[in-house]
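Since the model is a prediction, treat every value here as computed from it, not as a measurement.
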Amino acid sequence: MSNFIKLINLSIAYPFRDPEAYSLRGRIIRNFRVGGRVAPPETTVHALDNFNLEIKEGERVGLIGTNGSGKTTLLRTLAGVLYPTSGNLEVSGTVNAIFDPGLGMDAEASGFENIQIRCMLLGVPQSQMAEKVQLIAKFSELGDALRRPIKTYSAGMSMRLAFSIATSIEPEILVMDEWLSAGDARFVSKALHKMQELIRSSRILVIASHSEQVLTEWCNRLLWLEKGKLIEDGDPSIVLANYRAYTAAG
């Protein structure tokens with residue numbers, strides 16, 4: 001069976017209350033104006049709004065858009081972290097999500113313990129666990145630090161560990177937010193090579209990136225999102241040109 005992703009009239013909405021309205025100052029002003037009898041209005045933020053999309057096997061899809069456009073929400077939805085408020089999501093294939101280096105990490109547990117926990121969550125068979133743990137440990141180059149709680153790690157060390165775990169599984173569908181600032185230049189180079197291998201082996205790629213080089217070299221299709229809506233879908237060079245013109249116009 002071929003791999004695919006389908007979003008059908010999919011929406012994700014969040015209720016939103018203005019924090020200022022619930023502050024002490026806001027309550028005092030409301031008391032003077034309406035005697036405190038009227039609650040502040042609640043609005044709804046549509047992170048994804050009636051979204052329709054189909055991604056087929058072999059496609060390498062890049063996401064662009066300004067902050068708050070819905071890119072991260074879309075990635076988290078495809079990864080199964082967020083669930084639609086309405087509409088449907090169909091995914092055929094195993095998904096590996098690389099977009100939040102700290103997701104699922106236990107600060108009190110050691111590096112080795114976090115590797116084992118994450119491998120279990122990623123579905124690594126028990127018969128392969130010991131070998132997988134050693135491969136991840138070797139790639140991370142953290143040595144004896146893996147015996148310490150990760151709350152003692154620097155940001156770079158935590159990134160190395162998270163990256164090493166996340167890229168240890170070859171998925172059919174790879175969903176990622178570009179993050180390769182994993183330490184010194186030599187390790188970043190190694191991480192980039194590993195990422196390129198993972199992308200080549202995956203059957204579908206969906207990546208959000210601010211790098212035009214990444215989007216043009218890695219992707220054969222580009223989606224431009226704004227305010228939870230799909231503005232344009234097509235050839236990366238054309239969509240990028242239109243997006244640049246839009247951002248330049250302010």
Side-chain angles (χ1 to χ4, degrees), residues 2-14 44-101 103 166-167 171-180 192 195-196 198-250:
S2 62
N3 301 114
F4 66 84
I5 297 170
K6 286 184 181 179
L7 282 72
I8 304 168
N9 298 325
L10 187 145
S11 293
I12 292 184
Y14 304 100
T44 300
V45 176
H46 293 275
L48 291 178
D49 190 6
N50 199 35
F51 215 88
N52 288 281
L53 175 67
E54 181 173 3
I55 302 174
K56 299 177 181 179
E57 188 168 309
E59 291 191 303
R60 302 287 187 260
V61 180
L63 307 179
I64 59 171
T66 55
N67 291 336
S69 62
K71 303 186 299 297
T72 299
T73 300
L74 179 57
L75 291 177
R76 289 177 177 268
T77 303
L78 298 181
V81 176
L82 296 177
Y83 295 93
T85 306
S86 62
N88 294 295
L89 169 66
E90 298 178 21
V91 177
S92 174
T94 58
V95 179
N96 188 8
I98 306 176
F99 53 76
D100 187 345
L103 187 65
T167 57
E172 293 169 328
I173 300 172
L174 179 61
V175 177
M176 62 177 291
D177 198 347
E178 182 194 11
W179 50 275
L180 289 175
L192 180 60
M195 185 64 73
Q196 290 171 331
L198 201 63
I199 289 171
R200 283 193 292 268
S201 65
S202 64
R203 297 180 183 178
I204 290 176
L205 168 70
V206 184
I207 177 174
S209 176
H210 294 288
S211 168
E212 291 193 8
Q213 181 179 355
V214 167
L215 294 171
T216 53
E217 290 184 3
W218 291 7
C219 302
N220 54 26
R221 180 181 175 188
L222 208 58
L223 308 181
W224 170 12
L225 282 66
E226 289 297 337
K227 297 181 180 179
K229 292 183 177 292
L230 181 58
I231 303 300
E232 190 171 358
D233 175 359
D235 180 89
S237 60
I238 296 174
V239 177
L240 274 173
N242 292 336
Y243 178 68
R244 282 196 297 265
Y246 169 79
T247 54

With sequence neighbours left out, what residues match N96 under side-chain hydrogen bond (donor to acceptor under 3.5 Å, both in side chains)?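 side-chain hydrogen bond (donor to acceptor under 3.5 Å, both in side chains) list for N96, sorted by chain: empty.
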4.5 Å side-chain heavy-atom contact, [X] and [Y]:
X: I173; Y: R203; result: no
X: S11; Y: L48; result: no
X: L75; Y: L63; result: yes
X: V61; Y: D233; result: no

Atom pairs and distances, donor-acceptor, side-chain atoms in residues 77-88, under 3.5 Å, two or more places apart:
from	atom 1	to	atom 2	distance (Å)
T77	OG1	T73	O	2.7
T85	OG1	A13	N	2.9

Result block: side-chain N/O donor-acceptor pairs under 3.5 angstrom for residues 243-250, not counting sequence neighbours:
from	atom 1	to	atom 2	distance (Å)
Y243	OH	T66	N	3.4
R244	NH1	E212	OE1	2.8
R244	NH1	E212	OE2	3.2
T247	OG1	Y243	O	3.2
T247	OG1	R244	O	3.0

Is it the case that more than 12 heavy atoms not belonging to Q213 sit under 6.0 Å from its CD atom?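 Count not over threshold, so no.
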Decide whether E232 and N242 meet the rule of one side-chain donor and one side-chain acceptor closer than 3.5 Å.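 There is such a pair (donor and acceptor under 3.5 Å, judged by atom type) between the side chains of E232 and N242.
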What closest approach, in Å, do S69 and L225 show between heavy atoms, and which atom pair accounts for it?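 Taking S69 first and L225 second, the nearest heavy atoms are CB-O, 3.1 Å.
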Approximate separation, where rounding is to 0.5 Å, of L53 CG and L74 CG: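 Reported value, rounded in 0.5 Å steps: 7.0 Å.
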Got a donor-acceptor contact below 3.5 angstrom from the R60 side chain to the I199 backbone?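 Here the side-chain-to-backbone pair exists.
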